[in-house]
Amino acid sequence: MTRTFPEEIRTRLQHALGAADVDLPSRFVPAVSPTNDPRFGDYQSNAAMILGKQLGTNPRALAEKILAVFDPEKLCDPPEIAGPGFINFRIQSALLNERLFGLLTHDSLGVSTVADPQTIVIDFSAPNVAKPMHVGHIRSTFIGDALARIARFLGHTVISDNHIGDWGKQFGMILYGWRNFLDESAFEKDPIGALVALYKRVNSLAKEDQAVNTACKEELVKLQQGDPGNIEIWERVIVLTRSGLDKIYGPLDIHFDHWLGESAYNARLAALTEELMESGTATESEGAICVFFPDDPALADKPPCIVRKQDGGFGYAATDIATIEHRVHEFKADEIWYVVGAPQQLHFDQVFAVARKRGLDSALVFIPFGSILGDDRKMLRTREGEPPQLGDLIEEAVERARQIVEEKNPGLPSDEKDTIAKTVGIGAVKYAELSQHRMTDYIFSWDKMLSMQGNTAPYLQNAYVRIRSIFRKLEGEADFGERAELEDENEKKLALKLLQFSEAVPEVLVDHRPNSLANYLYELADTFHGFYESCPVLRAEGVTRDTRLTLSEITSRVLCQGLDLLGIEVPDRM
RNA sequence: GCGCCCUUAGCUCAGUUGGAUAGAGCAACGGACUUCUAAUCCGUAGGUCACAGGUUCAAAUCCUGUAGGGCGUGCCA
C-alpha cells in the first residue's frame with residue numbers, strides 16, 4: 001500500500017518533531033495540504049505556526065529546528081520556510097516519474113483501500129409509490145449512488161437499499177381513489193399515469209372535504225391491519241410502480257441491493273410499539289404513542305417522536321425505527337447512511353435517539369442536502385404545481401446531446417450517435433447535481449441541468465475522447481516504454497494531479513460530498529487540456545513520447561474511473 | 001415565538017474545515033481550427049466574501065449582534 005504524498009510528508013514531519021524534541025500538545029497531527037500557488041512548491045504545512053503559537057515560540061525558528069532534522073530523502077527537495085512560517089515541500093522529479101509510471105500497473109490508480117472496512121447500508125432515492133420521480137428526487141438518487149460507488153471502491157461493504165414510500169398516508173388516498181374512481185381503461189393504457197391522476201384527484205378532494213380525508217386514513221389503517229381487499233390492491237400497485245421506476249433507474253445505471261420499503265416492516269410495528277411502551281421509552285400522550293426526550297438537550301423542548309398515531313396508524317417514525325433494527329441485526333450494518341433532504345433533520349435526530357435508547361449502536365449518519373426550488377424560490381413539491389418529471393429531463397438531455405453530436409460529428413454511425421447522446425446527456429444531468437455542494441439550495445433550471453459547456457460532464461468526457469483519439473491513431477499496441485521522465489512544467493503539473501487521485505477519492509467520505517471528487521476531476525481535465533495544447537504526444541520521440549503516452553493513458557483511466565465513481569460513463573468518440 | 005440552514009463577480013457556483021495575492025463556469029470583449037476532436041484553448045474585464053463588532057501572527061471560514069431569504073416546529077413522508 002503506497003502512501004499519498006501528504007501522508008508521507010506528515011509521517012516524516014512527525015518523525016522530525018520527535019527528533020527535534022519539540023514539546024507536542026497531545027494528539028497533535030501536523031496538517032499538510034496542497035499549495036494554491038506553484039511558487040510555494042507542491043505541498044505546505046502550517047505546523048510550525050500552530051505549534052509556535054501554542055508553545056509561545058517563534059514559528060520560523062521552530063520551522064528551522066524541525067527542518068534541521070527533517071529527512072527529505074527520496075521524497076522531496078529540501079523544504080523551504082516561507083512567509084510567517086509555512087514549510088513548503090516540492091516532490092522530487094524522480095519520485096514523480098516513478099510513481100506516475102507505477103500507476104500503469106496499478107488497478108485502482110493509486111487509491112488505497114481503507115484499513116478498516118465497514119459494512120455500510122446506504123438509504124437513498126426512496127421515491128413514493130404511485131408518484132412519478134420528478135426533479136426533486138435527483139439529489140438523493142445521484143448523491144446516494146455516487147457515495148455507494150465510492151465507498152465500495154474504497155473497500156467498504158456497501159448495501160444499497162431503496163426504502164420506497166409504499167405504505168404511508170398517500171397510500172390511503174390511492175386506496176380510496178381505487179375503490180371510488182378507478183378508470184379501468186385509462187389504467188390499462190398508462191398504469192403509472194392513471195395512478196398519479198388518481199392520487200391527485202383524491203389529494204385535492206381530501207384537502208377540501210374532511211370526510212374524504214378521514215376515509216383515506218381509514219383505508220390506510222385497514223391496509224395496515226391486513227384487510228385482504230386492500231392488500232390485493234396494494235400488491236398490484238407495488239408491481240406497477242416498481243416497473244415504472246425500473247424504466248428510470250435502468251438508463252441511469254442505478255441499482256439497489258434491496259427494495260425494502262416501508263411496508264416491509266409492517267408486521268413488526270405493533271410489537272415494536274409494545275416493546276417501546278414496556279421499556280418505558282414511549283408513553284401515551286393525547287391518544288398517540290410518543291417518545292419524549294427530556295434528557296436530550298437538543299430534543300427536550302421539541303415535539304415528541306410519534307410512533308403510533310391517534311387513529312391507530314403508524315407514522316414513518318415507527319417504520320424507520322424498525323428499519324434501523326433490521327439493518328443492524330440482519331445486515332450487520334456498522335454504519336447506516338441516510339441521504340435525505342435537510343428538512344428532515346429533526347425526524348432523524350429523533351429516530352436515531354430512539355434507536356440508541358434501544359441499544360442499537362451502529363453509526364447512524366444523516367447526510368442532508370439542500371432543496372431544489374421552483375421559480376418562486378420555494379421548495380418544489382408535488383402537492384402544489386407540477387415539477388418537471390425526471391424521465392422528461394433525461395429525455396430532453398439525451399435529445400440535446402444528440403443534436404450536438406449530429407452537428408459536431410455527422411459522420412458517425414447513427415446507433416453510435418444514439419449511444420453517445422445517452423452517455424453525454426445523462427452524464428450532464430448527473431454532473432450538474434454532483435458538482436455542486438450538497439447543502440446548496442438551487443433553483444431548478446433546464447438550461448443549467450442540460451448545459452454541455454464549461455464545467456460539465458461533457459467537458460470531462462471530451463478530455464477522455466481526445467485521449468482515446470490519440471491512441472486510435474497509434475499503429476498497433478501502445479508502448480509506454482520502461483520509465484517516465486517529466487520535463488515540461490505542464491507534464492509535471494499533470495503528473496502531480498494524477499497522483500492526487502489517491503487523495504481526492506477518500507476525501508469524499510470525510511464529509512460525504514461527491515462534489516469534492518467532481519472538483520478534482522474538473523481540475524484534472526483542465527490540467528490535461530493545458531498539457532494537450534502545449535505537449536504534442538504523437539509527434540514527440542523517445543522517452544518524451546513514452547512519458548506523454550503514459551500521462552495520456554493514466555489521465556484517461558483516472559477520468560474514466562473517477563466519472564464512474566460519480567455514476568457517469570465515457571464515450572470513445574463524441 | 002423558538003430551532004436549523006443560507007447570503008462570495010452581472011448570473012450560477014467552488015473555496016481542501018483558520019493560511020500566503022478569494023477561484024471557476026456562464027454572459028461580455030479580443031485572439032487561436034490545412035495540426036493528437038474547437039463540447040476546446042489563450043487573453044481582457046468583472047469583488048467592501050450581506051452588514052457591524054470581536055477572537056489572533058493570520059478570518060469568506062470561528063464567536064456575538066443586525067438585516068434579508070429558505071426550511072422545520074404533535075399525529076404527511
Side-chain angles (χ1 to χ4, degrees), chain A residues 31 33-37 39-40 44 46 49-50 52-53 58-59 82-86 88 126 128 165 167-170 172 217 262 285-290 298 301-311 313 315-317 319-320 340-347 368 370-371 373 377-379 383 401 404-405 407-409 424 428 435-437 439-443 445 447-448 451-459 461-463 465-474 503-504 507 510-511 515-516 518-520 522-523 526 529-530 532-539 548 552 573-574:
Chain A
S33 59
T35 57
N36 50 14
D37 188 325
R39 283 184 302 145
F40 302 134
Q44 64 181 28
N46 59 9
M49 289 183 288
I50 306 252
K53 181 173 158 187
N58 180 293
F86 287 104
N88 294 333
N128 284 323
W167 202 252
K169 182 185 169 188
Q170 26 98 26
K217 285 186 185 176
E262 292 168 342
S285 167
E286 297 175 30
I289 306 299
C290 302
D301 60 341
K302 299 283 193 303
C305 176
I306 296 173
V307 178
R308 200 182 72 193
K309 300 181 284 182
Q310 275 178 340
D311 63 11
Y316 78 146
T319 48
D320 277 346
V340 179
Q344 297 201 47
Q345 176 83 250
L346 176 60
H347 166 72
S371 306
L373 312 175
R377 286 205 57 84
K378 301 264 186 189
M379 267 179 78
R383 297 181 190 158
I404 299 174
V405 192
E407 205 176 287
K408 304 273 178 193
N409 229 332
V424 171
S435 59
Q436 194 156 242
H437 192 294
M439 281 308 289
T440 304
D441 290 348
Y442 63 88
I443 297 176
S445 144
D447 284 340
K448 182 180 169 164
S451 165
M452 312 230 171
Q453 276 171 357
N455 188 356
T456 62
Y459 177 87
Q461 290 166 328
N462 181 244
V465 161
R466 285 176 150 192
I467 297 168
R468 295 275 52 94
S469 180
I470 291 172
F471 285 96
R472 223 176 286 125
K473 302 232 155 138
L474 270 181
E503 300 162 38
E507 173 77 21
V510 171
D511 212 12
N515 79 303
S516 67
N519 286 347
Y520 164 81
Y522 175 72
E523 285 170 15
D526 187 44
H529 278 125
Y532 182 87
E533 294 288 328
S534 57
C535 300
V537 178
L538 295 176
R539 280 188 278 125
R548 291 180 180 177
S552 301
R573 300 191 283 189
M574 66 191 277

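Since the structure is predicted, the reported quantities are computational estimates derived from the model, not experimental observations. Convention: sequence-line order gives letters A, B, ...; per-chain numbering from 1.
- Applying the 3.5 Å distance criterion, the base of B:A14 shares no donor-acceptor pair with the side chain of A:Q436.
- For A:P303, the side-chain atoms get nearest to B:G74 when compared with the rest of B:G74, B:U40, B:G19.
- Among the protein residues, A:E286 comes within range of the nucleic acid bases, having at least one heavy atom under 4.0 Å from a base atom.
- You'll find that the side chain of A:R466 is closest to B:A38, out of B:C36, B:A38, B:A14.
- Listed here is the closest heavy atom pair of A:M574 and A:N409: O-ND2, 2.7 Å.
- Between the side chain of A:S285 and the base of B:G74, at least one donor-acceptor pair of N or O atoms lies under 3.5 Å.
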Determine whether A:E503 and A:Y520 satisfy the following criterion, side-chain contact (heavy atoms from CB on, under 4.5 Å), listing intermediate values before the conclusion. CA-CA 10 Å; A:E503 300 162 38; A:Y520 164 81; over 6 Å; no

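- As judged by a 4.0 angstrom heavy-atom cut-off over every strand, A:C290 is placed among the base-contacting residues.
- Interface remark: the A:D441 side chain does not form any donor-acceptor pair with the B:G70 base, using a distance-only criterion of under 3.5 Å.
- Once the 5.5 Å centre distance and the 30° plane angle are applied, the aromatic ring of A:F86 is found not to be stacked with the base of B:G19.
- In this structure, A:P343 reaches the sugar-phosphate backbone alone: every heavy-atom distance under 4.0 Å involves primed, P, OP1 or OP2 atoms, never a base.
- A:N515 comes within 4.0 angstrom of the backbone, heavy atoms only, and of no base.
- Stacking between A:Y459 and B:A39 is absent: the aromatic ring centre is not both under 5.5 angstrom from the base six-membered ring centre and within 30 degrees in plane angle.
- The residue A:K53 sits close to a base: some heavy atom pair falls under 4.0 Å.
- Taking 4.0 angstrom as the limit, A:K378 places a side-chain polar atom (N or O) nearer than this to OP1 or OP2 of B:G70.
- Here B:A14 is the nucleotide among B:C57, B:A14, B:G74 with the atom lying nearest to any side-chain atom of A:T440.
- Residue A:Y522 is in sugar-phosphate contact alone, with no base atom involved, counting any heavy-atom pair closer than 4.0 Å across all strands shown.
- Look at A:K408 and you'll find a side-chain N or O under 4.0 angstrom from OP1 or OP2 of B:A39.
- Residue contacts for A:A342: at a heavy-atom cut-off of 4.0 Å it reaches no nucleic acid atom on any strand shown.
- When the C1' atom is compared between B:U16 and B:C57, the two are found 22 Å apart, to the nearest whole Å.
- A:G315 comes within 4.0 angstrom of sugar-phosphate atoms only, judged by non-hydrogen atoms across all strands, and of no base.
- Rounded to whole Å, the C1' atom of B:C11 lies 24 Å from the corresponding atom of B:C71.
- For a distance-only test at 3.5 Å, the side chain of A:N409 fails to qualify as a donor-acceptor partner of the base of B:A39.
- Here A:V510 lies out of heavy-atom contact (under 4.0 Å) with every strand.
- Nucleic acid contact class of A:D320 (heavy atoms, under 4.0 Å, all strands): none.
- The gap from the C1' atom of B:G23 to that of B:A45 amounts to 16 Å, rounded to the nearest Å.
- Listed pair A:N36 / B:G15 fails the phosphate criterion, with no side-chain N or O lying under 4.0 Å from OP1 or OP2.
- Between B:C76 and A:K309, a contact under 4.0 Å exists linking OP1 or OP2 to a side-chain N or O.
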